[in-house]
Amino acid sequence: MNRRNFIKSGAALTALAFFYPEKIIGGEKVMAAEKLKWWQKTIVYQIYPKSFQDTTGSGTGDLNGVTQHLDYLKKLGVGAIWLTPIYPSPQVDNGYDISDYTAINPDFGTMADFENLVAEGEKRGIKIVMDLVYNHSSDKHKWFLESKSSRTNSKADWYIWKDAKPDGTPPTNWRSFFGGSVWEWCEERQQFYMHSFAKGQPDLNWENSEVRQAIFDAANFWLDKGVGGFRIDAIPYIKKPAFVDGKPDAKDGMIAVHTMTVNTPGILDFLHEFKEKVFAGHDIFTVGEANGVAPEDLKYWIGDNGVFDMIFEFSHVNLQFKNGEVYCRPTEWKLTELKKAISDSQAATKNNGWYPMYFENHDKPRCVNYFFKNVDTVKAAKVIATILLTMRGTPFIFEGQEIGMTNVNWNSIENYNDISAHAQFDFAINEGFTAAEALEFVHFFSRDNSRTPMQWNDKTNAGFSTGKTWLPVNENYKTINAAAEDKNFDSVLNWYRKLAKIRADNKELTQGDYQLLLADSEEIFAFSRSLNGKTFITAVNFSDKKVALQKDFTDKKIILDSESNFDKNFLQPLEARIYK
Ligand code: GLC
């Protein structure tokens with residue numbers, strides 16, 4: 001780091017904090033920080049139940065499989081589990097198409113299994129967090145079956161129905177997230193219904209107060225079961241704007257529905273009602289999935305006057321493709337852009353609301369492949385872990401991330417299960433790419449990458465199931481698996497455990513301020529976390545170059561390093577280090 005960058009990056013200020021801490025950190029702020037709620041001090045682990053642990057031999061994971069691994073999660077420092085949808089569902093979108101909001105999918109077990117999971121979790125200080133999918137239901141939900149049956153039934157207005165244009169074509173030129181028009185023709189009503197996602201996922205009509213009440217009742221049902229919070233799916237799309245055509249953004253003559261419907265004015269009124277009738281007064285957390293809510297709008301969404309505790313925003317995971325290209329092809333991105341995205345979100349949540357930090361989820365590829373190209377994935381996994389678990393905010397770990405699971409590269413589009421992989425493939429072909437190119441894009445972006453079964457050990461099907469697994473196990477399970485990593489001191493798993501312990505033992509890492517260092521570096525991601533004059537510094541090398549460090553770093557005490565023979569004057573490629 002040169003002097004100019006050091007000062008520009010704010011590192012100078014942090015260095016000052018080592019000497020004059022009390023001038024930088026005001027007493028009032030510290031008092032406020034000490035009032036952190038349980039979910040601001042814990043780690044959340046996201047489980048994709050279908051792929052976590054099968055206890056019946058069906059080839060599909062289940063709730064008892066989750067209960068079976070609670071001690072494993074406890075050892076990882078986890079205080080809450082977010083379960084992706086476990087409700088009855090035709091599985092058009094792997095459970096995000098729900099046909100009953102207050103029951104358990106029999107493939108995953110029974111309501112008694114769920115209650116047992118909540119109770120066993122409670123014993124270990126682990127809460128269960130449900131995924132609420134209320135932008136749309138399944139087309140097999142009884143509400144939709146009634147709604148589509150005529151124009152006059154009691155639920156006729158529960159979904160978004162529109163007449164065709166005078167020439168018989170769909171009401172607008174909006175493209176659904178999974179490709180093709182958002183409009184689907186219904187013979188019975190001689191009308192179109194809207195689906196922002198798949199045809200099997202009709203959008204609910206939030207303008208109708210009966211719909212809102214039915215949704216809120218369903219959420220309250222789970223609160224009564226003792227859940228610790230909610231992740232709220234696809235929430236920025238619930239309010240629809242005027243139904244008019246937009247300017248086409250691709251060769252199909254359509255425009256992404258996201259562009260037309262995200263964050264429509266008036267949406268917050270619905271969400272304030274949601275908060276008041278469901279969340280308010282409970283010791284739970286809420287995290288909304290809010291792609292497209294910009295950092296400057298966060299103040300309306302989270303914090304005391306907002307509607308949720310946290311929102312997942314996407315700026316740091318959307319660098320890999322151009323807006324509007326429907327994940328079509330990977331684009332180049334820079335480390336400075338990643339750092340800026342994360343730092344902007346940190347700034348936006350510094351005094352208001354709280355930030356959920358994540359690098360993986362069930363919609364994203366594995367981080368060791370998404371943020372790096374052809375690298376040692378063990379080292380890359382440790383780089384990401386170090387940022388995740390020393391950052392300000394609540395860390396979210398996605399199943400398998402803690403053992404460094406990687407992407408798959410299946411050799412035909414037919415092998416892919418995910419509806420969006422197929423949409424992405426078709427879209428790329430339509431844009432003029434060859435089938436080989438389109439498949440390469442699928443390899444990079446497919447959501448199947450993160451949905452392959454959890455790798456527990458080197459036995460049959462990686463210990464996930466004794467049956468035929470619903471999605472193939474990644475063939476690297478003999479080396480990448482939890483049992484082997486448990487025994488290996490230098491494994492990704494034990495790295496996560498060490499970091500989780502350091503985080504739990506040092507409140508600077510939960511309560512401390514965040515300050516980006518070396519902002520201009522394209523190799524190093526470094527930042528400090530300070531509280532009451534104590535500072536931790538994280539420094540990781542994202543590059544394949546050995547990078548020299550300046551005195552501002554070399555005179556600090558190193559408390560953890562991913563290289564056993566580290567040199568305090570340098571960071572080796574993909575080396576991760578923490579100073580105190
Ligand atoms: C969210 C979910 C994703 C799902 C979509 C539609 O983005 O995370 O998996 O396909 O909503 O429900």
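We count ligands from 1, going down the list as the structure has it; atoms in each ligand are counted the same way.
Checking each of S137, S89, S138 against D97 for a side-chain hydrogen bond (donor to acceptor under 3.5 Å, both in side chains) leaves exactly one that passes, namely S89.
Within 4.0 Å of ligand 1, contacts by protein heavy atoms are made from D93, Y96, H136, F178, F197, Q201, R231, D233, E289, H362, D363, R447, R451.
Judged as a side chain to side chain donor-acceptor pair (under 3.5 Å), the pairs with a partner in residues 196-205 (not counting sequence neighbours) are, in order, D93-Q201, N135-D203, D157-N205, S196-D203, D203-K240.
Taking the ring centre of F398 as origin, the terminal cationic atom of K364 falls outside the region bounded by 6.0 Å and 45° from the ring axis.
Ring orientation note: the planes of H316 and F359 are nearly perpendicular, at an angle over 60° on the 30°/60° scale.
For F372, the ring pair (Phe, Tyr, Trp, His ring centres under 6.0 Å) partners two or more places apart in sequence, or in a different chain, are F542.
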Determine all donor-acceptor pairs shorter than 3.5 Å in which one atom belongs to a side chain in residues 179-186; sequence neighbours excluded.
unit_1	atom_1	unit_2	atom_2	d
S181	OG	W183	N	2.9
W183	NE1	T172	OG1	2.8
W185	NE1	E187	OE2	3.1

